[in-house]
There are 2 protein chains.
Amino acid sequence: MFKLSRAGEYALRGVVYIASKKGGDIVHVRKIAESQNVPEYFLTKVFSRLTRNGIIHSIRGNKGGFRLSRPPKKISVYDILTAVEGPLNFNDCFICKNSRKCKLKPVWDESMKKMLEVLKKHKIADVV
Amino acid sequence: MFKLSRAGEYALRGVVYIASKKGGDIVHVRKIAESQNVPEYFLTKVFSRLTRNGIIHSIRGNKGGFRLSRPPKKISVYDILTAVEGPLNFNDCFICKNSRKCKLKPVWDESMKKMLEVLKKHKIADVV
DNA sequence: TATAATAGGACAAAAGAGGTCATGTTAGTC
DNA sequence: GACTAACATGACCTCTTTTGTCCTATTATA
């Protein structure tokens, strides 16, 4: 049930990899894919989601690549996962769509909230 | 990513339904399926997992059915989900299988732990 | 013995995840 | 300006997992 998707995993590893490079260094997807032993084309997809969501910045054209769009201490694990997976919306996880007095949903929501708090608290700078 | 499976949802709703009945009352799967508007045969499957894992007790034969195998205040949401989904093992969710000094895994583990604490804390008696 | 319930395996259908590819766009370099 | 090497994106394929159905066996009651 609570499994991290490949996309999420690759995104985290990719961002950590970029963060481990010097400040404004531009990194190619191929380089990352090779170093992390991850399928290149798939990683491209994942990175474009990170780009669209403002986590990383892409430079197109020859000599292009990616760099972080803000310092690692300002990017949380949560930011990356939501960028890749869409909002970790616990309203989707409704238990009793039928009854609005369902008491299970608050439990589920609370558990999600606790989890996300942890993911928000930890920044990429902490895990490089 | 963090979506409750149908199996998990049905299990929770089924157990809550049984708990809402009088003490030792025996309930038929068909009855539950109808009242919860859930596919009967699938619910059968889910319930057999709950039975195997000691959450509910099955009575076979004519006039058979299910009842809780312990009082609702001793059954947590966590118990039910793990019975249905298998252990919510966060070791499966390894991020960097490669490097054992990966700093992402502790973050993931911590977030899982927080979430599961909530699911363990809340008992069926609280949500009936 | 008939009946009505659970047990569980086999299997089909549907959904989702993971991965690949082809084509387009962009910008640096010669 | 042409060439080249990078990202952007949509289409598509494959594989796995989840969800759902059905059939047969087993069990217990009346």
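Note that these values count all heavy atoms, side chains included, but never hydrogens, waters or copies made by symmetry. Quick note on labels: first sequence line is chain A, next is B, and so on, each numbered from 1.
Per the geometry, CG belonging to Leu50(B) stands 14 Å off C1' belonging to dT6(C), to the nearest Å. For the pair Glu40(B) CD and dA4(C) P, the interatomic distance rounds to 14 Å; values are reported in whole Å. His28(B) has its NE2 atom 4 Å from the P atom of dA5(C), to the nearest Å. Spacing between atom CG of Leu43(B) and atom C1' of dA7(C) amounts to 14 Å, rounded to whole angstrom units. Asn53(B) places its CG atom 11 Å from the P atom of dG8(C), with the value rounded to the nearest Å. Note: CZ (Arg49(B)) to P (dG9(C)) measures 12 Å, nearest angstrom. The nearest whole Å value for the distance from the OH atom in Tyr41(B) to the P atom in dA5(C) is 12 Å. Nucleotide dG16(C) holds its C1' atom 9 Å from the NZ atom of Lys3(B), rounded to whole Å.
Of all the heavy atoms in His28(A) and Gly65(A), the pair that sits closest is ND1-CA, 4.3 Å. Among all heavy-atom pairs drawn from Arg67(A) and Asp25(A), the shortest one is CB-O, 3.6 Å. Closest non-hydrogen pair, Ile32(A) versus Gly14(A), comes out as CG2-CA, 4.1 Å. Nearest approach of Val84(B) to Gly8(B), heavy atoms of both residues: CG1-N, 4.0 Å.
Within the structure, every side-chain polar atom (N or O) of Tyr10(A) is placed at least 4.0 Å from both OP1 and OP2 of dG18(C). Dashed line: the shortest gap from a side-chain N or O of Ser58(B) to OP1 or OP2 of dA7(C) is under 4.0 Å.
Here Thr44(A) lies in heavy-atom contact (under 4.0 Å) with a base. Nucleic acid contact for Phe66(B): sugar-phosphate only, since backbone atoms but no base atoms lie under 4.0 Å from a heavy atom of the residue. At a threshold of 4.0 angstrom between heavy atoms, the contacts of Arg52(B) are confined to the sugar-phosphate backbone, with no base atom among them.
Without hydrogens or angle criteria, Lys103(A) side chain to Val128(B) main chain gives a donor-acceptor distance under 3.5 Å.
Chain A approaches DNA chain D over the interval dT4(D) to dA11(D), counting the first and last nucleotide 5' to 3' with an atom under 4.0 Å from its heavy atoms.
Here the CZ atom belonging to Phe66(A) is positioned 7.5 Å from the CD1 atom belonging to Ile18(A), to the nearest 0.5 angstrom.
Mapping Ile59(A) and Pro39(A) onto DNA chain C via the closest heavy atom, the residue that lands nearer the 5' end is Pro39(A).
With Gln36(A) as the fixed residue, the side-chain hydrogen bond (donor to acceptor under 3.5 Å, both in side chains) test singles out one of Lys31(A), Glu9(A), Arg13(A): Arg13(A). Asp79(A) pairs with exactly one of Lys74(A), Lys120(A), Lys123(A), Arg70(A) by the salt bridge (charged side-chain N to carboxylate O under 4.0 Å, His left out) rule, that one being Arg70(A).
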For nucleotides 23-25 of chain C, print each protein N/O atom paired with a nucleotide N/O atom at under 3.5 Å, atom names and distance only.
from	atom 1	to	atom 2	distance (Å)
dG24(C)	N2	Arg60(A)	NH2	3.2
dT25(C)	O2	Arg60(A)	NH2	2.9

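Judged by distance alone, with hydrogens and angles left aside, Lys63(B) brings no side-chain donor or acceptor close enough to the base of dT3(C) to form a pair under 3.5 Å.
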In residues 51-61 of chain A, what donor-acceptor pairs under 3.5 Å come from side-chain atoms, sequence neighbours left out?
from	atom 1	to	atom 2	distance (Å)
Thr51(A)	OG1	Phe47(A)	O	2.9
Asn53(A)	ND2	Arg49(A)	O	2.8
Asn53(A)	ND2	Ala83(A)	O	3.2

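Under the 4.0 Å criterion applied to side-chain N and carboxylate O atoms, Glu117(A) and Lys121(A) are not assigned as salt-bridge partners.
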